[in-house]
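First the structure, in the form of structure tokens, and then the observations on it.
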Protein chains: 2
Amino acid sequence: MWYNVSSITDKEVINMSSNAEIIGSMLLKENIKPSYARIRIMEYLMSRKSHPTVDEIYTALVKEIPTLSKTTVYNTLNLFVKSNIARVLTIEENETRYDADMSCHGHFKCESCGVVRDFCFRSPAIDTNDLDGFLVREKNVYYYGLCPECQANKPAN
Amino acid sequence: MWYNVSSITDKEVINMSSNAEIIGSMLLKENIKPSYARIRIMEYLMSRKSHPTVDEIYTALVKEIPTLSKTTVYNTLNLFVKSNIARVLTIEENETRYDADMSCHGHFKCESCGVVRDFCFRSPAIDTNDLDGFLVREKNVYYYGLCPECQANKPAN
DNA sequence: ATTAAAATTGTAATCAATACAGTTTATGTG
DNA sequence: CACATAAACTGTATTGATTACAATTTTAAT
């Protein structure tokens, strides 16, 4: 099958190919067959700091992959999560976001404009003896508040 | 309107009355009219460490308040959250849980049995200069893993 | 080329949450 | 007490994210 690459420069093709290879071998390491859809979904996830929703991923990729199905996006993301190469963010109350950055970091969400921003924290900083004997696999830290821009725009809420 | 209190002892009536008064004045402080339903929902929320879902609250309370509507439970909880006397826990992927404990603590969820357990952490421990200029209103910390019991029951995953 | 397994697709179903209009309850006034 | 107004509550319909599932397409191997 062929995809429209008419608007892509040679350099971008090289980069894409390079990305695809890197992502492909990452998937193979997890025993995930690196299909075109899977590579593109992971590539999209890795290239966005916005931690996209299923709908955002689908809407963006279906323009270039007209046969893409939203079910495939769901299936693929669930597969990534099970393989620990992506994580679920429950920072929204109604919609799931996904993050391919598995390093230790938290997420700040502005309650006014909705932007989500990463922040670093020292992983053992939260540790507590309340969880002696518990095996902790994943730590999710969500902050909610106002970003600097929204504080400036509406000082007297 | 009358409610069935036949199975409640005098001591429990006194305690209930006491709880109701305490919760009632708490609600009044937030300009929330302390209706019977609101008091009972807050009382249920405060008495459970399990951080119940809407369905759990409704199912438990409708036995004693036959006219209760699930919409009222939704409305009441949203009202509590807006008034900052309860918080939303997005620790489940599909269902919202609620917590009336507004003190600084995190939530551990066992991925095997599903139990949710509170744990303390020092609030400023996570702080980072990545969020200079950001106004943080709420911090939610979720851990996922295995509780001691489930580790014992299934040592080899 | 043939076949089996895996991946993908599209539609239908599920279910938490909300919208909304109608009803009941609470509160205040004459 | 009667009445009026606002608030709270109820029940049903709707929304929308997610999953279930059967059918189709693609991939990989012989």
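Every chain is numbered from 1 and lettered A, B, ... according to where its sequence line falls, protein lines coming before strand lines.
Of the candidate nucleotides D:dA8, D:dC9, D:dT27, D:dC9 has the atom lying nearest to any side-chain atom of B:Ala37.
Here the closest non-hydrogen pair linking A:His107 and A:Asp118 is CD2-OD1, 3.1 Å.
Proximity of A:Arg87 to A:Asn140: side-chain heavy atoms (C-beta onward) are separated by under 4.5 Å at one or more points. Using a 4.5 Å heavy-atom threshold, the side chains of A:Leu45 and A:Pro52 count as touching.
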N/O donor to acceptor pairs below 3.5 angstrom from side-chain atoms of residues 22-33 of chain A, sequence neighbours left out:
residue: A:Ser25; atom: OG; partner: A:Glu21; partner atom: O; Å: 3.2
residue: A:Ser25; atom: OG; partner: A:Ile22; partner atom: O; Å: 2.9

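Atom CD in A:Glu92 sits roughly 10 Å away from atom P in D:dT18 (whole-Å rounding). Protein atom CD1 of A:Ile65 is 15 Å distant from nucleotide atom C1' of D:dT26, rounded to whole Å. The distance from atom CD1 of A:Ile39 to atom C1' of C:dT8 is 15 Å, rounded to the nearest whole Å. Note: OH (B:Tyr36) to C1' (D:dA7) measures 20 Å, nearest angstrom. One can place CG of A:Asn78 at 13 Å from C1' of D:dA20, the figure rounded to the nearest angstrom. Atom CD in B:Glu56 sits about 16 Å away from atom P in C:dC15, given to the nearest Å. The interatomic distance linking A:Leu79 (CG) with C:dA6 (P) rounds to 13 Å, in whole Å. If you take NZ of B:Lys82 and P of C:dT18, they are 11 Å apart, rounded to a whole angstrom.
Residues passing the side-chain contact (heavy atoms from CB on, under 4.5 Å) test with B:Asn84 are B:Met102, B:Arg137, sequence neighbours excluded. In terms of the side-chain contact (heavy atoms from CB on, under 4.5 Å) criterion, residue partners of A:Cys120 (sequence neighbours excluded) are, by chain and number, B:Asp130. The side-chain contact (heavy atoms from CB on, under 4.5 Å) search around B:Ser69 returns B:Thr71, B:Thr72, not counting sequence neighbours.
Projected onto DNA chain C by closest heavy-atom contact, A:Arg38 and B:Val54 fall at different nucleotides, the more 5' of which corresponds to A:Arg38. Summary of the strand contacts: B:Ile32 and B:Glu93 both lie near DNA chain D, and taking for each the nucleotide with the nearest heavy atom, the more 5' one is attributed to B:Ile32.
Each of A:Arg48, A:Lys49, A:His105 was evaluated against A:Asp99; a single residue qualifies, A:His105, per the side-chain hydrogen bond (donor to acceptor under 3.5 Å, both in side chains) test.
Among the protein residues, A:Ser35 comes within range of the sugar-phosphate backbone only, with heavy atoms under 4.0 Å from sugar or phosphate atoms but none that close to a base.
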Anything under 3.5 Å between a protein N or O and an N or O of nucleotides 12-17 of chain D, put it in a table, one pair a line.
residue: D:dT12; atom: O4; partner: B:Thr71; partner atom: OG1; Å: 3.4

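Axis orientation changes by 20° from one end of the helix from C:dA1-D:dT30 to C:dG30-D:dC1 to the other, with each end axis drawn from 5 pairs and the value rounded to 10°.
Annotation: the span from A:Lys139 atom NZ to B:Tyr144 atom OH amounts to 14.0 Å, rounded to 0.5 Å.
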